[in-house]
Amino acid sequence: MDKEQVAEILLEIGILLELKGENPFKTRAYAGAARTIETLHEPLAKIVAENRLGELKGIGEALQQKITELVTTGRLDYHEKLKASVPAGLMAMLEVPGLGPKKIIVLRRELGVESVEALEQACREGRVAGLERFGEKTQSNILDGIARRRAYATQHLYADALRVAEPMLEDLRRHPDVIRCSAAGSLRRNREVIGDIDFLASSKKPAEVIAHFTSQPAVISIIARGDTKASVLLEGGIQSDLRVVSDTEYPFALLYFTGSKEHNIAMRQRAIERGLRLNEYGLFRSTEETRDPALMVECRTEEEVFAGLGLHFVPPELREDAGEFTAAEKEELPRLIEWGDLKGSLHNHSTWSDGRQTLEEIASSMDELGLAYWAVTDHSKSSFQANGLEAARLRQQIREIREINQRLASEGVDFRLLTGTEVDILKDGKLDFTDEVLSELDVVVASIHQRLAETEAETTTRLIRAAQNPYVHALGHLSGRLLLAREPYKFDAHAVIDACAAAGTWIEFNAAPERCDMDWRLWPYAKSKGVKCVINCDAHRLDHVGYLRLGAGLASKGWLTRADVINTLPLPALMRELARKRQPPGRS
DNA sequence: GCCGTTTTCGGCCCGACTGTTTTCAGTCG
């Protein structure tokens, strides 16, 4: 059993224990262990075999025993018994807003409710309102929550959330009573999938700002509204929260509402270790509960709060309690990749396969945007659904691209189109073009589009063989996932990364919002192995060039710097790297 | 469940808001 599966089971144990009314700290211990396991950069089986589980943070004797059982036997007796003792419907009930473990336990004990459907029925019949500490309002809120879940997704793509959030943020900034404001939460941390959109503002008149926020045209309904905080439901079904604080409190509140939760817990523990107390109102020279301004460590910005805890500034996208504290103590936080560092995209489509724009249209638009190069990598023939090219059409396309480039050169334009293909990785890892055809192209990206349901071993072998082909520059959208729609195919990502490291093959960060693939969690490992990244738009339309910005944001979450990303290179250096990949080993 | 120079038990991040109460438990982030 691999680490993803182990982590999933540990997380589930935590939730099941919660539903049994267990000590919440026990639940957290399982969730923490799941995170630790998931972010390991070496095979879990190796750690188990070498008896090193106990060295991991948050894994004590009980969890060592359970994880070992999972890894060695593929199952866990404790988990199976626990799961059998909790009705499956309770897990779904936990997702209804306003319902937590305590209320679910009461509903089950008093009314025998064990599923969302039974809960809905019980609310309709008015049986829920009669329970102790429930009431009419709770009952109707539960019904609303169930209906809302049905009508709207509770998770949204980063790009979709950003599109809604940016105009709202601009609107808040223009409000006369707003001093400072920012997005917070998962949006500010550049997560690929967002739950709700969090905003934070500072003001001397919080009520005015809250009133303005809740009366915006995009607001469908107000979920909650207090003096300093409001939650609304926006068109399209995204929930948005605004918190308003004083300007003195703003840096502390921004830190707090940006999270992550795990990062915040570690920050507070750091404060306690230094005899301080950190909350959303301040950093206090006391471990007692206080808001005494005299005890406050004065901080105007987040930077100063970090400094107060002996840390360099941690960029929001790194605040996942995934190594940022160690790096921030030693001043080893990297300067992360930025949008403006990118000089072009090496995986894109045109009307020759399933893209919308012609080569001419692409060349003139990308030149206008100030990019240096743009590879046209249309699909190969096996992707017939995407009008993939066979060798003859590809060679015709190469001629057309050369003509365009000659014209650009004669006009003194610095921009160049690059020839290329997104070649299909077929069964057994063979490619859809011969090496001879591939050798004629500037850029070769190899991706899987068919036979997604093979076994982990088969898919891993396919990807490794493709990575080993000397004409392949990069593997495209490594996992095949479509966020919120399709799971990744099963494969051993670490084994594929190792193979890329050995072959000098790059891995794409596919910046299409529904892909964000390879996942940011794997990049620190790839980087440690020396594997380079290419941030690609996988553009099918001109406006997909904007994905470069999303890509840089997500890649920075993987701790990548300019030096780690190939398409930060200017054209001559890029061409050298593209050629170098194809030289036999020892001649570089 | 984990953890430890305030250590082997008794802590574990912390506060706003809601809806239920009439002082607070539960949920949420």
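In what follows, chains carry the letters A, B, and so on, assigned in the order in which the sequence lines appear, proteins first and then strands, with residues in each chain numbered from 1. This is a predicted model, so every value here is computed, not measured. The figures here come from the full heavy-atom set of this structure, side chains too, leaving out hydrogens, waters and symmetry mates.
- Rounded to whole Å, the separation between the P atoms of B:dC2 and B:dA16 comes to 32 Å.
- For B:dT22, the O4'-C1' to base torsion is more than 90° from 0; the nucleotide is therefore anti.
- At a threshold of 4.0 angstrom between heavy atoms, the contacts of A:Pro24 with the nucleic acid are absent.
- When rounded to the nearest whole Å, the span between NZ of A:Lys26 and P of B:dC3 equals 15 Å.
- Rounded to whole Å, the separation between the C1' atoms of B:dG1 and B:dT5 comes to 24 Å.
- A donor-acceptor pair under 3.5 Å is formed between the side chain of A:Ser203 and the backbone N or O of A:Asp177.
- Distance check on atom P: B:dC14 versus B:dC9 gives 25 Å, rounded to whole Å.
- Using cut-offs of 30° and 60° for the angle between ring planes, the A:Trp523 and A:Phe509 rings count as tilted.
- Comparing B:dT7 with B:dC3, their C1' atoms sit 9 Å apart, to the nearest whole Å.
- One atom, CD1 of A:Ile67, and another, C1' of B:dG1, lie 11 Å apart when rounded to the nearest Å.
- Between A:Arg270 and A:Glu273 there is no salt bridge, since none of the side-chain N atoms of the basic residue sits less than 4.0 Å from a carboxylate O of the acidic one.
- Nucleic acid contact for A:Leu17: none, since no nucleic acid atom lies under 4.0 Å from a heavy atom of the residue.
- For A:Asn23 against B:dG1, a side-chain-to-base donor-acceptor contact under 3.5 Å is present.
- Between A:Asn264 and A:Tyr256, the side chains place no donor N or O within less than 3.5 Å of an acceptor N or O (distance only, hydrogens not considered).
- No contact: A:Phe252 has no heavy atom under 4.0 Å from any strand.
- Toward the 5' end of DNA chain B, the nearer of the two residues A:Glu280 and A:Glu132, judged by each one's closest nucleotide, is A:Glu280.
- Comparing B:dC14, B:dG1, B:dT27 by their nearest atom to the side chain of A:Asn279 picks out B:dC14.
- Using cut-offs of 30° and 60° for the angle between ring planes, the A:His175 and A:His212 rings count as tilted.
- Going from atom CG of A:Leu63 over to atom C1' of B:dC3 covers 13 Å, rounded to whole Å.
- One finds no side-chain N or O of A:Asn264 lying less than 4.0 angstrom from the OP1 or OP2 phosphate oxygen of B:dC14.
- In this structure, the CD1 atom of A:Ile9 is 16 Å from the P atom of B:dG1, given to the nearest Å.
- Place A:Pro101 and A:Asn141 on DNA chain B by their nearest nucleotides, and A:Asn141 ends up nearer the 5' end.
- One C1' atom belongs to B:dT6, the other to B:dC17, and the distance between them is 35 Å to the nearest Å.
- A:Tyr281 comes within 4.0 angstrom of sugar-phosphate atoms only, judged by non-hydrogen atoms across all strands, and of no base.
- Residue A:Thr228 has a polar side-chain atom (N or O) positioned under 4.0 Å from OP1 or OP2 of B:dC17.
- The distance from atom CD1 of A:Ile265 to atom C1' of B:dC12 is 10 Å, rounded to the nearest whole Å.
- When the C1' atom is compared between B:dT23 and B:dT18, the two are found 15 Å apart, to the nearest whole Å.
- Here the P atom of nucleotide B:dG15 and the CZ atom of A:Arg243 are 11 Å apart, to the nearest Å.
- When the side-chain nitrogen and oxygen atoms of A:Lys229 are compared with OP1 and OP2 of B:dC28, none of them lie within a distance under 4.0 Å.
- Nucleic acid contact class of A:Tyr30 (heavy atoms, under 4.0 Å, all strands): sugar-phosphate only.
- Using Watson-Crick or G-U wobble geometry with both donor-acceptor distances under 3.5 Å, B:dT8 finds no partner in any strand shown.
- A straight line from CD1 of A:Ile105 to P of B:dT27 spans 8 Å, rounded to a whole angstrom.
- Taking the C1' atoms as reference points, B:dG29 lies 12 Å from B:dC13, given to the whole Å.
- Checking the phosphate oxygens (OP1, OP2) of B:dC13, a side-chain nitrogen or oxygen of A:Gln269 falls inside 4.0 Å.
- When atom types are taken as modelled, the side chain of A:Lys3 and the backbone of A:Glu38 share a donor-acceptor pair closer than 3.5 angstrom.
- Between A:Arg28 and B:dC2 there is no side-chain polar atom (N or O) within less than 4.0 angstrom of OP1 or OP2.
- For the side-chain contact (heavy atoms from CB on, under 4.5 Å) with A:Ile37, the qualifying choice from A:Leu63, A:Ile67, A:Leu70 is A:Ile67, the only one to do so.
- In this structure, A:Arg127 does not pair ionically with A:Glu110, as no charged nitrogen and carboxylate oxygen lie closer than 4.0 Å.
- The side chain of A:Lys102 sits closest to B:dT27 out of B:dC14, B:dT27, B:dG19.
- Of all nucleotides listed (B:dC2, B:dC13, B:dG15), B:dC13 comes nearest to the side chain of A:Lys261.
- When the P atom is compared between B:dG26 and B:dT21, the two are found 13 Å apart, to the nearest whole Å.
- Contact of A:Arg133 with B:dC24 (side chain to base): a donor-acceptor pair of N or O atoms is detected under 3.5 Å.
- Note: CZ (A:Arg225) to P (B:dC28) measures 22 Å, nearest angstrom.
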